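Step one of this worksheet: look at the structure below.
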There are 4 protein chains.
Amino acid sequence: MAPKRVDKDARRQEILDAAVRVFSRKGFAASRIDDVAAEAGIGKGSVYLYYDSRESLLEAALAQYAAGADALLRQAVEGDAPPLERLITLVHSTIALLSTQRDLARTLLDLWATDHMRPAYRAYREAVTTVLTQARPDLGLAHTTVLIGAIEGVLLQWLIDPDVPLADMAGPIVDVCVEGLRERA
Amino acid sequence: MAPKRVDKDARRQEILDAAVRVFSRKGFAASRIDDVAAEAGIGKGSVYLYYDSRESLLEAALAQYAAGADALLRQAVEGDAPPLERLITLVHSTIALLSTQRDLARTLLDLWATDHMRPAYRAYREAVTTVLTQARPDLGLAHTTVLIGAIEGVLLQWLIDPDVPLADMAGPIVDVCVEGLRERA
Amino acid sequence: MAPKRVDKDARRQEILDAAVRVFSRKGFAASRIDDVAAEAGIGKGSVYLYYDSRESLLEAALAQYAAGADALLRQAVEGDAPPLERLITLVHSTIALLSTQRDLARTLLDLWATDHMRPAYRAYREAVTTVLTQARPDLGLAHTTVLIGAIEGVLLQWLIDPDVPLADMAGPIVDVCVEGLRERA
Amino acid sequence: MAPKRVDKDARRQEILDAAVRVFSRKGFAASRIDDVAAEAGIGKGSVYLYYDSRESLLEAALAQYAAGADALLRQAVEGDAPPLERLITLVHSTIALLSTQRDLARTLLDLWATDHMRPAYRAYREAVTTVLTQARPDLGLAHTTVLIGAIEGVLLQWLIDPDVPLADMAGPIVDVCVEGLRERA
DNA sequence: TATGAATGAGATTTCATTCAT
DNA sequence: AATGAATGAAATCTCATTCAT
């Protein structure tokens, strides 16, 4: 029974990975169930043995990302290190998380303007705001917005142009948007 | 001789505006020609008197934005003012341009990850890079990327949450990403 | 009043001629009212001042041909000359009629397999049969069919390939299908 | 592994046969995909599993005819029998081919004046010309045209009026257009 | 469990016809 | 009388989902 379960879960994940690759290449709107099945190397009908609908594949992709992101956010908000350090860590780890999952990141971007992303996005904004406020109670929402913007905007550039060295950008972002702030203090 | 209701150019623009509003609400992929026609208050077939296809509505929206953006970029690159001032002006005017056209901006975002946006996006990046290099030859690509990222990232937040005061964000962006740089020099 | 009437009739005929040219070029099925109006150099709506519908343009074209053909058939059936001579005249004049109206002939062919052509076609077959029977009571339906076939088949070839010298084909047809018969008698 | 109902090739042929029947009844221009699907007893979308478009159904019908006709033409041109005999055989077998496929023949006629038929038609004319020239080098293009015309014209009559005994017409055509020629030699 | 043929709702697009000017 | 913008019914084609095997 147990091995059976492992197989099913593994197959479920294979299909999800295939779906995310397809979504990344063509965008969710242009991605067909046929494409996902072909990418996963299975029959089209089999996709429906693991996911209820095309839409549910999308939800599973978002949920998978949210799970990873959630851990980072919790660490940042609840950690023991000084707030500024936790903030820097969050920037680094967020970028690290995304830079290893380019297909997923592209899929997220494809949905950024839809209601699907609303919750994940809100959580992220709130966590950064919380930590930045802990670190610098004197700074306002505007600075949070700029910092978050810098992270997302750099991500955006990398998604369009893979030559943008995303993994190396955490440093400059911190230099400009966070360390710069520290210096002035 | 006299046009039945409005002249053709005006009607063309009405339809495009309606389309952009629909694209903004539902995303391009989920927008139907019926929706656009209903939004414009005309029959479905009439849309095709002014645009060849659904796709061409999209292209017209992009072209309209590109025309506005192009003027800003040219001013920034070719203007007489000192480079740093031109850069600041570009940030302010880009945000001013977009903040008055929220629906169009959302449509652009909906397409950000597609090939459609590639050219406009590249032009923008190159212009900012050019001016920033004029202003601060010592700074590298990484700083350009952060600055562009901050602008786009702030835009992104405003698109998802209209309460983000986009029109007021040019100042903080400049403070953090540009003025900060000046001080250090 | 009279000149007004003449104008209307002339315009009606202009439109019909334009329609036949368009039908000839594109086939009736692919011909649009817009095409006809453009060919006639008038507005699309004006076509409807002279013809009730697209279909009625087609009927008018057929009626016009039928009127010309009818005269030929009557001459052949009712004329005073010897039957064989009347038959030869019919072959010559039918081909003469069609060879000066290639556009109309193409339009007819486009409709050959439709119910529209049934009556005109039946009248033609009956007339030829009548005259051939008068000329050669000993010959059967099969010979009529071959003769009619030869005429139509030659026409067909000319419609597809304008280089076929239709106007010169009446002679050979008569030689083979009619004179050949006479010789044997 | 086992096909659900019939194997794909058989289903493809069923659909084509249904399409040809519909084309025959209504003409290609007036034939709807729904009609074809209904005639084949399947759903509308299923037609598209086997043919890319409405147009491709037409092309398949033409290709199917062309394949059969091609065999006849090759036999006539390359056979060992005396030329005149091969010509007579060609007339007989062409009519035999068409008389067993009335629906297909009507479809062909529906397209006679279109570019689709140009190649098949040209091949046919060339083959007849070749063989007739072998048989009677003294006869010119005009006689070929009359012979081809007689065949096609008889076919035409049968298509409009099924009572015309097409299968019995090869004899009279040969008598008039071919044997008649022999006698004179 | 796995498959892919079959389906039909729904989308895009065309165009004959109408009618306000 | 003449126009051509506007319309919407009807056609083609797509594809998520189902289900017989």
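Within every chain, numbering begins at 1; the chains are lettered A, B, ... in the order of the sequence lines, protein sequences first and strands thereafter. Here the structure is a predicted model, which is why all the values come from computation and not from measurement.
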- Query: Does D:I33 offer a backbone N or O that forms a donor-acceptor pair with the side chain of D:R54 under 3.5 Å?
  - Reply: no
- Query: OP1 or OP2 of E:dA6 sitting under 4.0 Å from any side-chain N/O of D:R11?
  - Reply: yes
- Query: Does D:Y50 make a side-chain N or O approach to OP1 or OP2 of E:dA6 shorter than 4.0 Å?
  - Reply: yes
- Ranking B:S46 and C:I42 by the position along DNA chain F of their nearest nucleotide, the one closer to 5' is C:I42
- Message: Between P on E:dT12 and CZ on D:R54, what's the gap in Å once rounded to a whole number?
- Response: 21 Å
- Message: Just by distance, no angles: are the side chains of A:Q13 and A:D9 close enough, under 3.5 Å, to form a donor-acceptor pair?
- Response: no
- For A:R12 and A:Y51, the nearest pair of non-hydrogen atoms, with its separation, is O-OH, 3.0 Å
- Can you tell me how far C1' of E:dA5 sits from CG of A:D34, to the nearest Å? 12 Å
- Rounded distance in Å - CD1 (A:I15) to P (E:dT3): 9 Å
- Determine the contact category for B:S31: base if any of its heavy atoms lies under 4.0 Å from a base atom, sugar-phosphate if only primed atoms, P, OP1 or OP2 are that close, otherwise nothing. sugar-phosphate
- Query: Is a donor-acceptor pair below 3.5 Å formed from side chain B:K44 to base F:dT7, judging by atom type as modelled?
  - Reply: no
- A:Y48 atom OH is separated from E:dA6 atom P, nearest whole Å, by 18 Å
- Roughly, in whole Å, what's the span from CZ in B:R12 to C1' in F:dA5? 15 Å
- Note on the structure: Assert: residue with more 5' nearest nucleotide on DNA chain E, out of D:G45 and A:G45, is A:G45
- Query: Taking C-beta and beyond as the side chain, do A:R106 and A:R25 meet within less than 4.5 Å on heavy atoms?
  - Reply: no
- Task: Between A:G41 and C:A29, name the one whose nearest nucleotide on DNA chain E is closer to the 5' end.
- Result: A:G41
- Dot-bracket for DNA chain E, 5' to 3', counting Watson-Crick or G-U wobble pairs under 3.5 Å, with [ ] for crossing pairs and | for inter-strand pairs? .||||||||||||||||||||
- Message: I need the single residue from C:L108, C:D110, C:T107 that forms a side chain to side chain contact (heavy atoms under 4.5 Å, CB included) with C:F23. Which is it?
- Response: C:T107
- Query: Is there a side-chain contact between B:K8 and B:R11 (heavy atoms, below 4.5 Å)?
  - Reply: no
- Rounded to the nearest Å, what distance is computed from the CG atom of residue D:L49 to the C1' atom of nucleotide F:dC15? 10 Å
- Task: Send over the distance from B:D35 CG to E:dT13 P, rounded to a whole Å.
- Result: 14 Å
- Checking B:D103, B:D35, B:D34 against B:K26 for salt bridge (charged side-chain N to carboxylate O under 4.0 Å, His left out), the one that qualifies is B:D35
- C:E55 CD to E:dC15 P, straight-line distance once rounded to whole Å: 16 Å
- Just checking D:I33: base, sugar-phosphate only, or nothing, at a heavy-atom cut-off of under 4.0 Å? sugar-phosphate
